[in-house]
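Notes to accompany the following structure.
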Amino acid sequence: MTSSNLPKHVAIILDGNGRWAAARGLPRMAGHQHGAKAVRLSVRACRDRGIPYLTLYAFSVANWSRPKDEIDALMRICQEFAEGEHDELIRRGIAVQVVGDLEDIPTPTRRAMEKLVEDTAGGTEMTLALALSYGGRRDMANAMRALAVRARAGLVIPEEINEKSLRNFLTTSSMPDPDLIIRTGGEKRLSDFLLFEAAYAELFFTDTLWPDFTEETFEEAVATYSRRQRRYGRTGEQVRRLAAST
Ligand code: IPE
Ligand code: IPE
Ligand code: MG
């Protein structure tokens, strides 16, 4: 695979932790705990291939409606990840970002995340974005509100608002759009993930449950991606001619 057909930005909807645990007669938390291993694995897989952006959908706005003990466990696991991987992420030059509303996150987890983001900011090898308390619709609504406030203050001309202005206010604004979105766990939906940014993403769905996610699953997704023709509205023939001329 040449680097030209490798995705620059892979985003993963990590799903299936609960079913993984249930299949073993374990509590759902055990699934989340094992899911954290797959998080490390996916970061390594991206970094080894020179894929510069990885976004992981770890907790959605809608996930706040889960039972409190499960939310608490997930927040604890996020905190453990932030503290436990802190040094390794710095060593490997990985800059961490959080997309979503950090203010919603309980203080100890939020602090650990903020510290991780701050301390890894100099990383130049790869960006790891963690989508926490993230919702695509909410992110767009927040961006629109920010634009409206600026318009009222005279800093933005309403008639000049376009896709680019909206994009600039999304929490993902510093990253390119995802090229490849992988969803584990068998469901074929986006569940409010990167609704604006995913406009031309290639989607890859696998029945593999997130705690069972391996390098091979990742490789299969990337290989499938690299065989697809991205047309962006053009004809296949136009795309072939364009590729031949560059
Ligand atoms: C993904 O696994 C983790 C989160 C959404 C936080 P789930 O917890 O959704 O697992 P299933 O879908 O119930 O198996
Ligand atoms: C999607 O998984 C959200 C995350 C992976 C964080 P869910 O398990 O919450 O999605 P639904 O409810 O099946 O759509
Ligand atoms: Mg699920």
Side-chain angles (χ1 to χ4, degrees), residues 9-43 45-46 53-82 84-85 96-106 108-110 112-113 128-142 170-172 175 178 180-198 201 203-214 217-218 221:
H9 182 176
V10 174
I12 310 181
I13 302 171
L14 31 105
D15 196 20
N17 293 352
R19 280 164 284 165
W20 184 92
R24 286 160 181 78
L26 298 169
R28 292 179 60 85
M29 336 286 192
H32 298 314
Q33 204 81 53
H34 276 80
K37 288 191 195 144
V39 166
R40 280 191 289 277
L41 185 150
S42 65
V43 174
C46 271
Y53 295 93
L54 171 66
T55 299
L56 298 176
Y57 198 14
F59 194 88
S60 68
V61 166
N63 288 146
W64 289 114
S65 48
R66 291 199 179 188
K68 188 179 177 311
D69 60 345
E70 181 168 349
I71 295 175
D72 291 347
L74 280 163
M75 291 302 140
R76 215 170 35 246
I77 291 167
C78 287
Q79 187 183 340
E80 280 163 17
F81 176 84
E85 299 300 310
V96 178
Q97 280 190 22
V98 175
V99 296
D101 287 328
L102 252 186
E103 309 88 75
D104 298 343
I105 306 284
T109 306
R110 195 186 66 236
M113 282 295 161
L128 168 65
L130 300 172
L132 287 179
S133 192
Y134 175 86
R137 285 183 175 181
R138 184 193 276 188
D139 204 35
M140 277 194 269
N142 287 349
L170 297 174
T171 55
T172 53
M175 295 187 287
L180 168 63
I181 295 183
I182 300 171
R183 182 171 186 142
T184 62
E187 313 296 353
K188 291 173 184 65
R189 54 178 171 253
L190 288 175
S191 302
D192 206 14
F193 190 43
L194 303 179
L195 296 184
F196 181 92
E197 301 87 333
L203 309 179
F204 181 87
F205 298 102
T206 170
D207 289 336
T208 302
L209 302 173
W210 179 245
D212 289 329
F213 190 78
T214 59
T217 322
F218 187 80

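Start at 1 with the first residue, then count along the sequence. Just follow the structure's listing: the first ligand is 1, and inside any ligand the first atom is 1.
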Identify the protein heavy atom lying closest to [atom], giving its residue, its atom name and the separation to 0.1 Å.
atom: atom 7 (P) of ligand 1; result: D15 OD1, 3.5 Å
atom: atom 6 (C) of ligand 1; result: A58 O, 3.3 Å
atom: atom 14 (O) of ligand 2; result: S191 OG, 2.6 Å
atom: atom 13 (O) of ligand 1; result: R28 NH2, 2.9 Å
atom: atom 1 (C) of ligand 1; result: L14 O, 2.9 Å

Would you indicate whether the side-chain heavy atoms of [Y] and [X] approach each other to under 4.5 Å?
X: I12; Y: S42; answer: yes
X: L194; Y: Y134; answer: yes
X: V98; Y: I105; answer: no
X: E85; Y: V39; answer: no
X: F218; Y: C46; answer: yes

Which heavy-atom pair separates [X] from [Y] by the least distance, and what is that distance?
X: L190; Y: R183; result: C-NH1, 4.0 Å
X: F81; Y: R40; result: CE1-CG, 4.3 Å
X: G31; Y: A21; result: N-CB, 3.7 Å

Practice prompt. Working to the nearest 0.5 Å, report the span between OG1 of T171 and CE of M140.
Written response: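 Interatomic distance, T171 OG1 to M140 CE, rounded to 0.5 Å: 11.0 Å.
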Straight-line distance of T109 OG1 to E80 CD, nearest 0.5 Å =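 Rounded to the nearest 0.5 Å, the OG1-CD separation comes out at 9.5 Å.
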Query - Evaluation steps, side chain to side chain contact (heavy atoms under 4.5 Å, CB included), between F193 and S60 - result: CA-CA 8 Å; F193 190 43; S60 68; over 6 Å; no
Taking only non-hydrogen atoms of F59 and a 4.0 Å limit, the atoms of ligand 2 in range are 6 (C)
A student checking ligand 2 against R189 at a 4.0 Å heavy-atom cut-off should list atoms 11 (P), 13 (O), 14 (O)
### Message
What verdict does the salt bridge (Lys or Arg N to Asp or Glu O under 4.0 Å) test give for D72 and K68, after you've listed the backbone C-alpha separation in whole Å, the side-chain angles of each residue and the deciding distance to 0.1 Å?
### Response
CA-CA 6 Å; D72 291 347; K68 188 179 177 311; 2.7 Å; yes
Does E187 bring an N, O or S atom to under 2.8 Å of the Mg ion (ligand 3)? no
*asked:* Within the structure, is a non-hydrogen atom of S60 found at a distance of less than 4.0 Å from ligand 2?
replied: yes
**Request:** Work out whether the distance between some heavy atom of E187 and some atom of ligand 2 is less than 4.0 Å.
**Result:** no
Any nitrogen or oxygen of N63, main chain or side chain, under 3.5 Å from a nitrogen or oxygen of ligand 2?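 Among all N and O atoms of N63, at least one is under 3.5 Å from an N or O of ligand 2.
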Would one find an N or O of Y57, backbone or side chain, under 3.5 Å from an N or O of ligand 2?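 No, no N or O pair falls under 3.5 Å.
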Among N, O or S atoms, D15 approaches the Mg ion (ligand 3) most closely through OD1
Could you tell me, atom by atom, which parts of ligand 1 come under 4.0 Å of a heavy atom of H32?
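Checking each atom against H32, I get 3 (C), 8 (O).
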Next on the checklist: Please list, in number order, the atoms of ligand 1 under 4.0 Å from a heavy atom of R19.
Outcome noted: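 Going through ligand 1 atom by atom, the ones under 4.0 Å from R19 are 11 (P), 12 (O), 14 (O).
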Should G16 be listed as contacting ligand 1, given a heavy-atom distance under 4.0 Å as the test?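 G16: in contact with ligand 1 (<4.0 Å).
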For atom 11 (P) of ligand 2, is some protein heavy-atom partner under 4.0 Å away?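 At least one protein heavy atom is under 4.0 Å away.
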Worksheet entry | ligand 2-proximal atoms of F193, by part, heavy-atom distance under 4.0 Å |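 F193 to ligand 2: no contact under 4.0 Å from either part.
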(message) Under 3.5 Å between any N/O of R66 and any N/O of ligand 1: does that happen in this structure?
(response)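 Yes, at least one N or O pair falls under 3.5 Å.
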Margin query: Tell me whether G18 has any N or O atom under 3.5 angstrom from an N or O of ligand 1.
Written below: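 Among all N and O atoms of G18, at least one is under 3.5 Å from an N or O of ligand 1.
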